[in-house]
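Below: the structure, in structure tokens.
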Protein chains: 2
Amino acid sequence: MVKLIDSTDRQLLKALQENAQIANVDLAKRINLSPSATHTRRKRLESEGIILSYETTIDRQALGYDLLCFIYIAMNAHQRDDITQFQHNVTCLPEVLECHHVTGEYDYILKVVLKNTNDLKHFIVEHLSSLPSVTRIQTTVSYGEVKQTTALPL
Amino acid sequence: MVKLIDSTDRQLLKALQENAQIANVDLAKRINLSPSATHTRRKRLESEGIILSYETTIDRQALGYDLLCFIYIAMNAHQRDDITQFQHNVTCLPEVLECHHVTGEYDYILKVVLKNTNDLKHFIVEHLSSLPSVTRIQTTVSYGEVKQTTALPL
DNA sequence: TTTTGCGTTCGAATAATTTCCGAAATCCAT
DNA sequence: ATGGATTTCGGAAATTATTCGAACGCAAAA
């Protein structure tokens, strides 16, 4: 039975987005509910798949990933197998943080982290150019993250 | 005093990236360390800023954000004030999840979530076109997230 | 009115976090 | 290598949080 998200749920989600590590008692105070009711709601939101996951954000530079790139990919024949293979490949590559199927001149946008330009070259040549149906690749490098969050408006 | 990241730290970070909610005792088992040593290490990584934050990922669709767009923005005069104002604005807008300063034809890439095309129009007209120095805007819509993570390779 | 759905409080058993301290390991300059 | 300073560790103990169940109130819908 899928429930609608009410205003208490929104408060709860907002608090969790700001700090995923908040203790249940503090979360309860924050949304003016008892700890037990808070706990029940949270478990419900988790089991309904509204809360998808809890992630830890790590400093990219500290791990040596100096490059953040957006790589645009165009494909010609929209062969089912080629698409499947392409999607499977990018999903498995840990350097690929995101892959979106998009409208416009290119078919996919990849967000990729790499240590240096040599790794970038290696990544494109070995993992992208070699795939069938890939016709065009364009790369853009970020030289400043003005904003970076996963928190949705609430 | 900033420490280097050793192999135990890497294991710890990897485990936290896979599951930010893991209990300290389980994390300790996972990396073959006592709970207290694990705790000390984790706190150190947090205070050194290597662990940046813990985020909760929420289902976009469940909150009604049907549109995920990439908006490209070109600016002409690179006036300091205009840049500052632009960056301040996008940082404050909750619909903007990411904003990257990039190389190439456009100056910025924005990742934005919106409920519908009407909101998209409103967002562009009210929050982007109206800003000084913005010369060109291009929008691309995602119609499928093949991959989405914040986990860095470890 | 009766049912249903939530929420509340309370208690209690578990379980996890956090601190403290002595011991071991590591590092570094001599 | 030796000695001394520093860091990191493990184990125990103290503190705090989670996770249940049970009994009950309240308000809205059937």
Side-chain angles (χ1 to χ4, degrees), chain A residues 1-65 150-154, chain B residues 1-64 149-154:
Chain A
M1 185 55 204
V2 179
K3 295 268 150 180
L4 279 206
I5 295 173
D6 67 16
S7 106
T8 307
D9 288 332
R10 279 177 198 280
Q11 284 181 271
L12 195 157
L13 293 171
K14 189 170 185 179
L16 278 178
Q17 278 195 153
E18 287 170 18
N19 175 18
Q21 296 284 71
I22 189 171
N24 190 58
V25 277
D26 297 330
L27 183 57
K29 274 176 214 150
R30 164 85 179 261
I31 66 177
N32 295 313
L33 225 57
S34 69
S36 70
T38 304
H39 182 250
T40 308
R41 264 183 194 266
R42 179 167 171 175
K43 288 295 160 197
R44 200 196 78 225
L45 290 166
E46 286 172 0
S47 72
E48 282 176 353
I50 289 164
I51 292 173
L52 289 172
S53 65
Y54 299 96
E55 305 210 345
T56 303
T57 311
I58 295 169
D59 186 341
R60 217 177 71 223
Q61 320 274 351
L63 292 182
Y65 293 101
T150 59
L152 300 171
L154 272 170
Chain B
M1 185 57 204
V2 180
K3 294 269 152 183
L4 279 205
I5 295 172
D6 66 16
S7 107
T8 307
D9 288 331
R10 278 176 198 280
Q11 285 182 273
L12 195 158
L13 293 172
K14 189 169 185 179
L16 278 178
Q17 277 196 153
E18 285 170 20
N19 175 19
Q21 295 286 70
I22 189 172
N24 189 58
V25 277
D26 297 330
L27 184 57
K29 274 177 214 151
R30 166 85 178 261
I31 66 176
N32 295 312
L33 224 55
S34 70
S36 67
T38 304
H39 182 253
T40 308
R41 264 180 195 268
R42 181 167 173 174
K43 288 295 160 196
R44 199 197 76 224
L45 291 167
E46 286 172 0
S47 70
E48 282 177 354
I50 290 164
I51 293 173
L52 290 172
S53 65
Y54 299 96
E55 306 210 342
T56 303
T57 311
I58 295 170
D59 186 340
R60 218 176 70 223
Q61 320 274 347
L63 293 181
T149 182
T150 58
L152 300 171
L154 271 169

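Here is the naming used below: chain letters follow the sequence lines, and residue numbers restart at 1 for every chain.
- A salt bridge links Arg41(B) with Asp6(B): at least one charged nitrogen is closer than 4.0 Å to a carboxylate oxygen.
- Residues Lys14(B) and Glu18(B) are not paired through a salt bridge, judged by the lack of any N-O separation under 4.0 Å between the basic side chain and the carboxylate.
- dC9(D) atom P lies 10 Å from atom CG of Leu12(B), rounded to whole Å.
- For Arg42(B) and dA16(C), the CZ to C1' distance is 12 Å, given to the nearest whole Å.
- Side-chain atoms of Ser53(A) and Thr57(B) include a donor-acceptor pair closer than 3.5 Å.
- Taking only side-chain nitrogens and oxygens, His39(A) comes nearer than 4.0 Å to OP1 or OP2 of dT19(D).
- With dT8(D), dT8(C), dG10(D) as the choices, the nucleotide that has an atom nearest any side-chain atom of Arg44(B) turns out to be dT8(D).
- Considering only the side chain of Ala23(B), dA16(C) comes nearest among dT19(D), dA16(C), dT9(C).
- Between the side chain of Gln17(A) and the backbone N or O of Leu152(A), at least one donor-acceptor pair lies under 3.5 Å.
- Distance, Ile22(A) CD1 to dT17(C) C1': 16 Å, rounded to whole Å.
- Residues Leu52(B) and Ile58(A) have side chains not in contact (no heavy-atom distance under 4.5 Å, counting atoms from C-beta outward).
- In this structure, the CG atom of Asn24(A) is 12 Å from the P atom of dT8(C), given to the nearest Å.
- Following rounding to the nearest Å, Glu46(B) (CD) and dT17(C) (P) show an atom-to-atom distance of 12 Å.
- Leu27(A) places its CG atom 15 Å from the C1' atom of dT19(D), with the value rounded to the nearest Å.
- In this structure, Gln21(A) places its CD atom 13 Å from C1' of dA16(C), rounding to the nearest Å.
- Of the listed nucleotides (dC20(D), dT19(C), dT8(D)), dT8(D) has the atom at the smallest distance from the side chain of Arg41(B).
- When each of dT8(C), dT18(D), dG10(D) is scored by its nearest atom to the side-chain atoms of Val25(A), the top-ranked nucleotide is dT18(D).
- If you take NZ of Lys43(B) and C1' of dC9(D), they are 18 Å apart, rounded to a whole angstrom.
- Nearest to the side-chain atoms of Ser36(B) among the listed nucleotides dT19(C), dA16(C), dT8(C) stands dT19(C).
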